[in-house]
Amino acid sequence: MKIKVVKDEIAGGKEGLRVFEEAKQNGANVFGLATGSTPVTTYNEIVQSNLDFTDSISINLDEYVGLGPDHPQSYRYFMQTHLFNQKPFKQSYVPDGLNKDPQTVSKEYEQLIQEHPIDLQLLGLGRNGHIGFNEPGTALDAKTHQVTLTQSTIDANARFFENENEVPRYAYSMGIGTIMQAKEILIEAYGENKAHAVAQMVEGPVTTDCPASVLQQHPNVTVVLDQAAASQLTKKY
Ligand code: F6R
């Protein structure tokens with residue numbers, strides 16, 4: 001793992017842009033993307049850059065089941081707002097949250113990734129070490145699947161919805177095995193509340209207790225951290 005510790009997430013966004021630029025110069029054309037607060041500074045940098053994705057393909061990690069592209073909490077909506085409206089791709093794929101048949105969605109998404117192998121996958125890190133919606137305990141070789149959200153995730157999301165009943169109970173997510181097939185991985189983490197998960201991911205044993213620890217077994221991973229997220233690492237990087 002190449003570990004880069006920077007001052008803050010603004011600097012992290014610039015580092016993220018550099019990884020995208022380098023990958024593109026080396027011929028990358030299929031980009032795996034993530035939502036959440038972590039990649040926002042990288043997306044901002046990409047939007048302001050000269051990078052052109054009009055011949056490229058993007059494939060997102062996950063989506064809530066039941067939310068369509070017009071729902072402000074859907075991941076498709078997030079991607080449109082933060083990246084695609086300003087930096088269009090030739091094709092941008094997000095799992096179809098309106099399709100309630102998990103077998104079909106999972107099979108078709110895996111087929112899509114077979115047809116367009118991911119050159120560079122961007123990831124954020126959950127406080128509990130999750131990547132995508134793959135919570136601790138998920139099999140490390142799983143492919144795209146439907147995930148049942150935990151009550152704590154449902155509670156945390158409730159503030160974005162009119163009432164708790166509207167909060168999605170399920171999501172579609174690439175599996176850890178799917179993520180590991182990407183040729184290159186960029187994972188970013190910012191803030192002190194990620195410090196424990198970062199230490200487990202980088203220096204802990206490879207275990208389903210910390211899904212991101214499996215990235216130690218991938219041959220080409222860059223980890224971009226701010227100082228707070230790096231604060232529980234014991235070695236100097
Ligand atoms: C997002 C995703 C999640 C987030 C993670 C961190 O598509 O799959 O794994 O990357 O939960 O979220 P933030 O960046 O909001 O701290």
Side-chain angles (χ1 to χ4, degrees), residues 8-10 12-13 15-16 31-45 58-65 67 69 71-84 92-97 105-106 109 113 118 120-138 140 142-150 152-157 159-160 167-168 170-180 182 185-198 200-201 208 210-215 221-226 228-230:
D8 53 24
E9 59 197 283
I10 306 289
E15 207 56 56
F31 297 88
L33 300 177
T35 59
S37 56
T38 306
V40 168
T41 55
T42 295
Y43 293 153
N44 290 346
E45 292 291 333
S58 71
I59 306 182
N60 260 79
L61 276 172
D62 41 17
E63 179 60 286
Y64 289 116
V65 177
L67 301 193
H71 195 293
Q73 297 308 326
S74 74
Y75 285 175
R76 163 62 80 173
Y77 189 96
F78 176 100
M79 290 308 299
Q80 290 300 140
T81 317
H82 287 90
L83 187 64
F84 301 150
S92 284
Y93 298 96
V94 179
D96 180 3
V105 173
S106 306
Y109 218 60
I113 296 166
I118 295 174
L120 172 63
Q121 175 69 55
L122 172 61
L123 299 174
L125 176 68
R127 281 194 230 182
N128 61 2
H130 74 215
I131 48 178
F133 264 113
N134 300 288
E135 301 295 349
T138 313
L140 298 180
K143 296 295 169 63
T144 301
H145 59 298
Q146 177 173 281
V147 178
T148 305
L149 301 185
T150 59
S152 68
T153 303
I154 294 167
D155 294 345
N157 287 346
R159 67 188 191 279
F160 299 118
V167 184
Y170 302 98
Y172 295 128
S173 178
M174 284 186 201
I176 300 174
T178 320
I179 293 169
M180 287 293 279
I185 293 176
L186 164 63
I187 183 161
E188 302 179 2
Y190 305 118
E192 203 176 343
N193 59 13
K194 301 288 175 76
H196 180 70
V198 166
Q200 294 299 304
M201 167 176 74
T208 55
C210 175
S213 63
V214 76
L215 299 176
V221 179
T222 302
V223 184
V224 175
L225 307 169
D226 66 359

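Atoms within each ligand, like the ligands themselves, are counted from 1 in listed order.
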Write out each pair where an N or O from ligand 1 and one from the protein are under 3.5 Å apart, with the distance.
| residue | atom | partner | partner atom | Å |
| --- | --- | --- | --- | --- |
| ligand 1 | 7 (O) | Thr35 | N | 2.9 |
| ligand 1 | 7 (O) | Thr35 | OG1 | 2.9 |
| ligand 1 | 7 (O) | Asp62 | OD1 | 2.8 |
| ligand 1 | 8 (O) | Asp62 | OD2 | 2.5 |
| ligand 1 | 8 (O) | Gly132 | O | 3.4 |
| ligand 1 | 9 (O) | Gly132 | N | 3.3 |
| ligand 1 | 9 (O) | Gly132 | O | 2.7 |
| ligand 1 | 11 (O) | His130 | NE2 | 2.7 |
| ligand 1 | 14 (O) | Ser37 | N | 3.2 |
| ligand 1 | 14 (O) | Thr38 | N | 2.8 |
| ligand 1 | 14 (O) | Thr38 | OG1 | 2.4 |
| ligand 1 | 15 (O) | Ser37 | N | 2.9 |
| ligand 1 | 15 (O) | Ser37 | OG | 3.1 |
| ligand 1 | 16 (O) | Lys194 | NZ | 2.7 |

Exercise for the section: Please confirm whether Phe84 and Tyr43 have ring centers closer than 6.0 angstrom. Expected result: no
Practice task
Could you go through the side-chain hydrogen bond (donor to acceptor under 3.5 Å, both in side chains) check for Glu188 and Thr42 one step at a time?
Solution key: CA-CA 9 Å; Glu188 302 179 2; Thr42 295; 2.6 Å; yes
Completion exercise
Which of Asn128, Thr208, Thr150 passes side chain to side chain donor-acceptor pair (under 3.5 Å) with Glu135? It is Asn128
Problem - Residue pair Tyr93, Ile113: steps toward the side chain to side chain contact (heavy atoms under 4.5 Å, CB included) verdict - result: CA-CA 10 Å; Tyr93 298 96; Ile113 296 166; over 6 Å; no
Practice task
Could you check Ser106 against Gln146 for side chain to side chain contact (heavy atoms under 4.5 Å, CB included), going step by step and ending with a plain yes or no?
Solution key: CA-CA 8 Å; Ser106 306; Gln146 177 173 281; 5.5 Å; no
Handout entry: Residues that Ala197 engages under side-chain contact (heavy atoms from CB on, under 4.5 Å), provided they are two or more places apart
Key = Leu125
